[in-house]
Amino acid sequence: GLLGGASLPLLLMLLVFQPGCDTICVGPNCRQQPDDTESDPDTQQGDDDDSADAAVSSTQSPDERWPEDSSPRSCAVIREHLAPTGVAQVQLAGEFSDWQPLEMEGPDAQGWWSIELGELAPGNYAYKYLYDGAWEAGPPPWSLGHWSDGIENRNLRVADCSSPLLRVLSGSATPSGELELRVQFLAAADGASLDMGGLEVMVGELPTEASWDPSSGQLTVAATGLPSGKHTVRLSVVDAAGRAAENSPLFVPLWVEDEPFRWAEGLMYFVFTDRFRDGDWEQDPLLPATPGVAWRADYQGGNFLGVIHALQEDYFADLGVNVLWISPAQENPEGAYLGIDGVNLFSGYHGYWPVSARGVEERFGDSSAVAKDRLHELVREAHARGVRVVFDLVLNHVHLEHEYLVEHPEWLSDGCVCGTSGCDWDARVLDCWFTDYLPDLNYRNHAIVERVVDDVLWWVREFDVDGLRVDAAKHLDHVIMRTL
């Protein structure tokens, strides 16, 4: 457990616009798609302008739906809810109403109830439904959660309608190296138009231009002659008022490859970085050995350069490997810490004692490059060979020296040490600490959920990774798992 091997992992694969793959959207923010194209008037009439139906389509989960953003964006917050059968009155209450129940109208012929909440400040709000005056229980598994005053609720995310928004319409890449991405520009509520002078587009490492159709509000990014590998498109825009899109830069990963990749058929290699290979072995170690720690329980000198060399030598290709799972790259503490055996001292060579949300462990750098630059290089080398990269993230706990606890000491949970008297590993699975210097994060504080998700997305976008392995998944409150 201390080294992350005793608990069940969760793999989150970023299956965004993989050409040739059937990608399924799961969760509360998925737009319902027709089963076929026969009933789609756009398809029947040969109309490829996806923006035509934007104002009337909706985003939907099994029991909730709300209007999809149109252009210009609306600031009205509307919620529709499919209540249980036989309910005569449905109300909605949340932080936006100081928990005072608000009457919903309905039901319509299909059983949906609706309410317009007016304009709310951008942010996250806890809320619940009431059925005939009785509060609903905890949120269903498809709903985002939000704990407030010790009670688990649904979470309402209110977007910033004062900023423009980008919506992906389609994205594809062909084996011959042709790439196309179509994006809808949704103007802010005041209708300010796109400022083409503030448009920035990158396809992989290459600056690229985009064409703009003012009549449809669509941007098109096209590239040809791309080599095999990954070519993530990053698109940044501002409007005439100088405001960046709410989701700028847009991040869309696309691959040029002969055959579509399937995760189910992937062969994964777990690279335990410190014990894999020292690519800088002729040089002295960057940092000295940890005092008081036995040689085998300390850093051995493996680094990202060693993994790069293995890629370049086709070490992984010869094994048939097409997925690399990289052990945690987050910065770990210097110094010796007592293991769970209560006898031996260990350093953080394994990576599972994070002290920084976004810092990369410098011991994995080398004499010629810092660790962060080498990690970028490692991912690029893998992608150029068609190899996916999965990062191992530690989200259940942090080390006592972590910046979260320095800035917000109240963020740690009031737990006990797993395996001690009255603190069974299974009975206290959500709040027991692996040891006294690895406190759990209290995800029932919604500020932690938002901060951690922001930091996770930073790793995804910064290093262009393809999946995440979440350490100690069974010890994590489902509110963070569902939000991820």
Side-chain angles (χ1 to χ4, degrees), residues 16-17 29 31 42 47-59 66-79 96 116-125 156-173 179-224 231-254 450 453-454 457-458 460-462 464:
V16 183
F17 299 112
N29 296 320
R31 181 168 50 174
D42 280 358
D47 181 2
D48 64 355
D49 181 3
D50 294 286
S51 65
D53 296 330
V56 297
S57 62
S58 66
T59 304
W66 51 95
E68 194 168 69
D69 275 304
S70 56
S71 186
R73 301 177 72 185
S74 171
C75 293
V77 178
I78 299 173
R79 216 64 174 180
F96 43 78
E116 182 169 341
L117 299 172
E119 295 186 17
L120 299 176
N124 292 269
Y125 299 86
L156 171 64
R157 285 181 169 173
V158 176
D160 184 3
C161 63
S162 67
S163 298
L165 185 73
L166 298 173
R167 179 192 298 148
V168 174
L169 300 177
S170 64
S172 63
L179 176 150
E180 183 181 80
L181 174 69
R182 293 171 58 236
V183 175
Q184 186 76 41
F185 174 81
L186 302 177
D190 62 9
S193 61
L194 175 69
D195 177 8
M196 284 296 289
L199 178 66
E200 295 182 4
V201 186
M202 297 288 292
V203 176
E205 303 294 317
L206 302 175
T208 309
E209 295 184 353
S211 61
W212 165 242
D213 181 357
S215 63
S216 65
Q218 291 186 17
L219 288 159
T220 301
V221 178
T224 59
H231 301 276
T232 293
V233 181
R234 290 177 171 87
L235 178 64
S236 300
V237 303
V238 296
D239 65 13
R243 297 168 301 201
E246 187 176 12
N247 56 343
S248 182
L250 189 67
F251 175 91
V252 183
L254 296 167
E450 293 300 310
V453 169
D454 284 347
L457 292 179
W458 178 85
V460 171
R461 294 179 177 125
E462 175 68 22
D464 198 8

Interatomic distance, CD@E68 vs OG@S74, rounded to 0.5 Å, equals 13.0 Å

dist L166:CG -> L250:CG (nearest 0.5 Å) comes out at 5.5 Å

### Task
Determine, step by step, whether D69 and Q184 satisfy the side-chain contact (heavy atoms from CB on, under 4.5 Å) criterion, reporting the C-alpha distance in whole Å, the side-chain angles of both residues, the deciding distance to 0.1 Å, and the verdict.
CA-CA 11 Å; D69 275 304; Q184 186 76 41; over 6 Å; no

For a side-chain contact (heavy atoms from CB on, under 4.5 Å) check, start with the C-alpha distance between V460 and F251, then their side-chain angles and the critical distance, and finish with the verdict.
CA-CA 10 Å; V460 171; F251 175 91; 4.2 Å; yes

- Item | Candidate pair V183 and V252, rule side-chain contact (heavy atoms from CB on, under 4.5 Å), full reasoning | CA-CA 11 Å; V183 175; V252 183; 5.9 Å; no

Applying side-chain contact (heavy atoms from CB on, under 4.5 Å) to L457 and not counting sequence neighbours gives V453, R461

The side-chain contact (heavy atoms from CB on, under 4.5 Å) partners of A240 (sequence neighbours excluded) come to S193

Tightest non-hydrogen contact, residues P164 and R73, listed as O-NH1, 3.7 Å

Closest non-hydrogen atoms of I78 and W66, given as atom of the first, atom of the second and distance, are O-CB, 3.2 Å

In this structure, CG of L235 is separated from CE of M202 (nearest 0.5 Å) by 12.0 Å

E119 side chain to C75 main-chain N or O, any donor-acceptor pair under 3.5 Å?
-> no

Looking only at heavy atoms, the pair that brings A189 and P72 closest together is O-CB, 3.9 Å

Legend entry - Validation row: D464, R234 side chains within 4.5 angstrom (heavy atoms): yes

One should read off an interatomic distance between L169 CG and Q218 CD, to the nearest 0.5 angstrom, of 5.0 Å

Between A210 and V201, the two heavy atoms sitting closest are CB-CG2, 4.0 Å

Q) Can any side-chain N or O of S172 pair as donor or acceptor with the backbone N or O of S170 at less than 3.5 Å? A) no

Rounding to 0.5 Å, atoms CG (L117) and CZ (R79) come to a distance of 8.5 Å

Note: A187 and S71 closest approach over all heavy atoms is N-OG, 3.0 Å

CD of E200: more than 12 outside heavy atoms within 6.0 angstrom?
no

Heavy-atom nearest pair, L194 first then F185, reads N-CE2, 3.7 Å

dist H231:NE2 -> L181:CG (nearest 0.5 Å) comes out at 14.0 Å

For residues 186-196, the salt bridge (Lys or Arg N to Asp or Glu O under 4.0 Å) pairs (sequence neighbours left out) are D190-R243

